[in-house]
Novice: 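This is the structure, below, for whatever I ask next.
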Amino acid sequence: MSEWTWEYNPDDYGDSLTPSVKAEVERICAELAVVNSMVFLEGAAYQGPSPGLRVAHGRTPGGRYVMLSYLTDVRGERIVVVSVSCL
């Protein structure tokens with residue numbers, strides 16, 4: 001099994017997030033990387049369709065709702081966060 005990663009697009013997107021929201025996004029993304037590494041076992045050799053834009057959510061310790069939109073780059077073996085919303 002390969003080591004999947006995750007990143008923000010653009011790279012500095014995470015700099016604009018509060019520490020608690022950023023921590024929750026990092027937790028969610030770490031979980032998504034593990035799950036996707038088990039779902040897409042072929043990784044870089046994968047030839048199927050892209051899963052497309054997907055959404056995940058969680059809550060900060062303070063109770064704020066965090067929702068992020070992400071792309072799964074199967075061949076690049078990474079999760080790419082494209083937007084974060086927080087209520």
Side-chain angles (χ1 to χ4, degrees):
M1 180 166 58
S2 66
E3 195 65 36
W4 277 55
T5 62
W6 68 272
E7 63 188 52
Y8 293 106
N9 183 22
D11 292 336
D12 63 348
Y13 187 77
D15 297 344
S16 64
L17 303 174
T18 64
S20 63
V21 171
K22 188 173 182 178
E24 182 61 10
V25 169
E26 290 174 359
R27 184 197 67 76
I28 292 168
C29 288
E31 206 172 273
L32 290 171
V34 170
V35 169
N36 281 281
S37 73
M38 292 186 282
V39 171
F40 299 103
L41 296 174
E42 302 95 358
Y46 180 74
Q47 295 295 315
S50 168
L53 185 67
R54 299 192 286 177
V55 174
H57 55 86
R59 288 201 182 269
T60 66
R64 295 184 70 189
Y65 180 76
V66 177
M67 182 179 77
L68 60 98
S69 300
Y70 68 96
L71 295 167
T72 303
D73 176 10
V74 179
R75 291 186 190 135
E77 298 179 333
R78 65 189 176 141
I79 302 299
V80 181
V81 177
V82 295
S83 72
V84 176
S85 299
C86 183
L87 302 174

Novice: When clusters are formed by joining ILVMFWY residues with side-chain heavy atoms under 4.5 Å apart, either directly or through shared neighbours, do Ile28 and Val39 land in the same one?
Specialist: yes
Novice: Mind checking salt bridge (Lys or Arg N to Asp or Glu O under 4.0 Å) for Arg27 and listing every partner two or more places apart, or none if nothing turns up?
Specialist: Glu24, Glu31
Novice: Would a single hydrophobic cluster contain both Trp6 and Val82, if residues Ile, Leu, Val, Met, Phe, Trp and Tyr are joined by side-chain heavy-atom contacts under 4.5 Å?
Specialist: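 Not linked; separate clusters.
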Novice: Does Gly52 offer a backbone N or O that forms a donor-acceptor pair with the side chain of Ser50 under 3.5 Å?
Specialist: yes
Novice: Given side chains that start at C-beta, do those of Thr72 and Ile79 come closer than 4.5 Å, heavy atoms only?
Specialist: yes
Novice: Could you see if Leu68 belongs to whatever hydrophobic cluster contains Leu71? Use Ile, Leu, Val, Met, Phe, Trp, Tyr and a side-chain cutoff under 4.5 Å.
Specialist: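 In one cluster: no.
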Novice: How far does CD of Glu3 sit from OG of Ser37, to the nearest 0.5 angstrom?
Specialist: 7.5 Å
Novice: Tell me whether Leu87 is reachable from Met67 by hopping between hydrophobic residues (I, L, V, M, F, W, Y) whose side-chain heavy atoms are closer than 4.5 Å.
Specialist: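 Met67 clusters together with Leu87.
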Novice: To the closest 0.5 Å, what do you measure between CZ (Arg59) and OG (Ser20)?
Specialist: 12.5 Å
Novice: Tell me whether Tyr8 contacts the main-chain N or O of Asp15 through its side chain, where contact means a donor paired with an acceptor under 3.5 Å.
Specialist: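 Looks like no, no N/O pair under 3.5 Å.
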Novice: Classify the ring geometry between Phe40 and Tyr46 as parallel (under 30°), tilted (30 to 60°) or perpendicular (over 60°).
Specialist: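 Perpendicular: the ring planes of Phe40 and Tyr46 meet at over 60°.
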Novice: Honestly curious: do Tyr13 and Val80 fall in one hydrophobic cluster under the side-chain, below-4.5 Å linking rule?
Specialist: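 Each belongs to a different hydrophobic cluster.
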Novice: Return the OH to OG distance between Tyr65 and Ser85, rounded to the nearest 0.5 Å.
Specialist: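 Interatomic distance, Tyr65 OH to Ser85 OG, rounded to 0.5 Å: 9.0 Å.
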Novice: Can you see which heavy atom on Asn36 is nearest to which on Trp4, and at what distance?
Specialist: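 For Asn36 versus Trp4, the nearest heavy atoms are CB-CZ3, 3.5 Å.
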Novice: Arg64 versus Thr18: any side-chain heavy-atom pair under 4.5 Å?
Specialist: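 Yes; the side chains approach each other to less than 4.5 Å.
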Novice: Just verifying a value: how many Å separate Asp73 CG and Arg78 CZ, rounded to the nearest 0.5 Å?
Specialist: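 Taking CG in Asp73 and CZ in Arg78, the distance rounds to 4.5 Å.
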